[in-house]
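Structure record follows, encoded as structure tokens.
The basis for the numbers below is simple: all heavy atoms, side chains too, and nothing from hydrogens, waters or symmetry mates.
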Amino acid sequence: MNESLQRAIALKPRLRQVIYNEWISFGFFPCYASVQLRGDPTLNLSDLGNFLLSRSDPLVRLSTLLLWPFRLLQFVSKPNRDGVSFHIPTSGKRVIRFHTFFTDFYFYSTIRRMVQDQSLSQEEREKWEQILSEMVELALKNQIVYEAEGEAFRVFQFFPKSELHCDALSAGALFLRLSGLAQIDSDADDTFVLLEMFSDFLELLQADGLSNMPEEWRQSMVTSLSAILPLPYWKLVKYNQFRPNGEAIPRLNYTSIEPLGGMSTWFVRKGKSEDTPDLVVNVNVLRSMLVNRAHWGLFKSAEALETLQGIIAFLHHNVASGLFRTDRGYSFYIAEFFCAMFARLWQVLISLDPMERQRLDPEEKLAYIRTEVLSYLAQDLNPTFRTLNPLDAALALTSAIQLEQVDEVLASQWVEIICDRFKDQLYPYCAYEIFKGKIPTHMVYGSEATTAALVYDAIDELEAYLSRVA
């Protein structure tokens, strides 16, 4: 393991340079969507009928119907895959480049590691602090007011129109307009990962971090964040949650998910929730709620605690059924991202006061989920049994460490994949699937820099873990 660790640590400076160059080149971290006309193989005719009868955007429904015949391509061609997650081309006629806030969350987490790395020079840490600050500022500029339960919440879109960064005449911009995706609603995933990011950034400011930034700017940021974070966002979750005493069944479900207790991804505009909950989105929402538990008084309100426990029950049910292992368990993600995001949740959970943890999860449903996730890592992300790419290996390694159960043989295999697949070129790794859409056709999202960031996380986690157990 020591030899593999040294090889991996040696990659970190190059990965930092990739991430820095990406920001300097674009002024944001691009995300690429590859439009797969062959469609998502897990979507069937009954799903299509369900979607066409829903109240979804008419343009999206029409484009889904028109693109459906292209699914015949599934019989004559196979997708480009060298692991569990899809490989994503980042150039070509069917590739769209834009900016999304949910990918910013991954970069923010990686850059926070760099800011805390005392082995870096003060000059380099300040460089990363500047990028963190600009990322948070950009997100704050794109907040939208969403009224629910008598509160004016600040919410965020998957890709705000101002942040698309698409040439108006490009094929990508044309596809987004014609498919109806350019007018996408605000959503729970982006909103709650940004609220988690905001909480961390406010804590950093209040701890006298970012000392190189002007005091006037620091105070302005504290004021802006302090105006958002105290809002009782658990009420927004409850408003969009499927509950026995409320809206219990989504109008639109093209997965096999049992929705009770889960929160819909897209915020309700008028009337009732439309879409079925996604497992990863709900893990992200739950984690953000626990990170912000003091801001939102979660353990002071029986109603708030009930809302949290509803999400836990939703996750537990769909994990216990085995559905989390399958593509029919997700609208927008894949199983390895459920593992990775749950592992981050587990780290927050073990930081709770024991009494809080007992009140939150008296039946230890989250501990059961942890066991199932570890089983998935050992079986479905085991290089002995299947081919993995660097992103698969990085997510598996990070998850195992954060879930506090590391098999040294598996860990060594995952590290070897990370090291062996590294190429000394502009982007050392390819872009792989971090997100997907099934409507109007199969679209997979990712970037080379995102792969680099998540690999960096894995190496950094491993280095810290081996230091602790030494």
Query raised in the report: How many angstroms lie between atom CD1 of I88 and atom CD1 of I434, to the nearest 0.5 angstrom?
Result: 7.0 Å

Query raised in the report: Taking the six-membered ring of F86, is the NZ or CZ of K436 close enough (under 6.0 Å from the centre) and on axis enough (within 45°)?
Result: no

**Report entry** Exam field: side chain T451 to backbone L391, donor-acceptor pair closer than 3.5 Å
**Finding:** no

Query - Flag side-chain contact, heavy atom, 4.5 Å: V444 against Y432 - result: no

Requested in this report: Any chance you could lay out the side chain to side chain donor-acceptor pair (under 3.5 Å) test for T110 and D457, step after step, and finish with the verdict?
Outcome: CA-CA 6 Å; T110 304; D457 285 355; 2.9 Å; yes

Query raised in the report: Residues in salt bridge (charged side-chain N to carboxylate O under 4.0 Å, His left out) with D460, at least two apart?
Result: K12, R113

Query raised in the report: Which heavy atom in K438 sits nearest to a heavy atom in S331, and how many Å separate them?
Result: CG-O, 3.9 Å

Requested in this report: Spell out, as yes or no, whether a donor-acceptor pair under 3.5 Å connects the side chain of Y456 to the backbone of I111.
Outcome: no

Requested in this report: Could you walk me through whether E215 and R218 pass the salt bridge (Lys or Arg N to Asp or Glu O under 4.0 Å) test, one step at a time?
Outcome: CA-CA 5 Å; E215 183 60 27; R218 288 163 50 83; 3.3 Å; yes

Query raised in the report: Any ion pair linking E404 and R370 (charged N to carboxylate O, less than 4.0 Å)?
Result: no

Report task. Quick one: do D190 and T100 satisfy side chain to side chain donor-acceptor pair (under 3.5 Å)? Show the steps, please. Result -> CA-CA 8 Å; D190 287 270; T100 72; 5.4 Å; no

Query raised in the report: Can you say whether the rings of F98 and Y445 are parallel (under 30°), tilted (30 to 60°) or perpendicular (over 60°)?
Result: perpendicular

Query raised in the report: In a check of salt bridge (charged side-chain N to carboxylate O under 4.0 Å, His left out) between E196 and each of R293, R287, R112, which one passes?
Result: R287

Report task. Please work out whether the ring planes of F342 and F338 are parallel, tilted or perpendicular, with thresholds of 30° and 60°. Result -> parallel

Query raised in the report: Going by the angle between their ring planes, with limits at 30° and 60°, are F102 and F435 parallel, tilted or perpendicular?
Result: tilted

Query raised in the report: Using the ring of each side chain (for Trp, its six-membered ring), is W296 parallel, tilted or perpendicular to F192, with breaks at 30° and 60°?
Result: perpendicular

Query - Cation-aromatic face contact R16/W23, 6.0 Å, 45 degrees - result: no

Query raised in the report: Is a donor on one side and an acceptor on the other found under 3.5 Å between the side chain of R154 and the backbone of T191?
Result: no

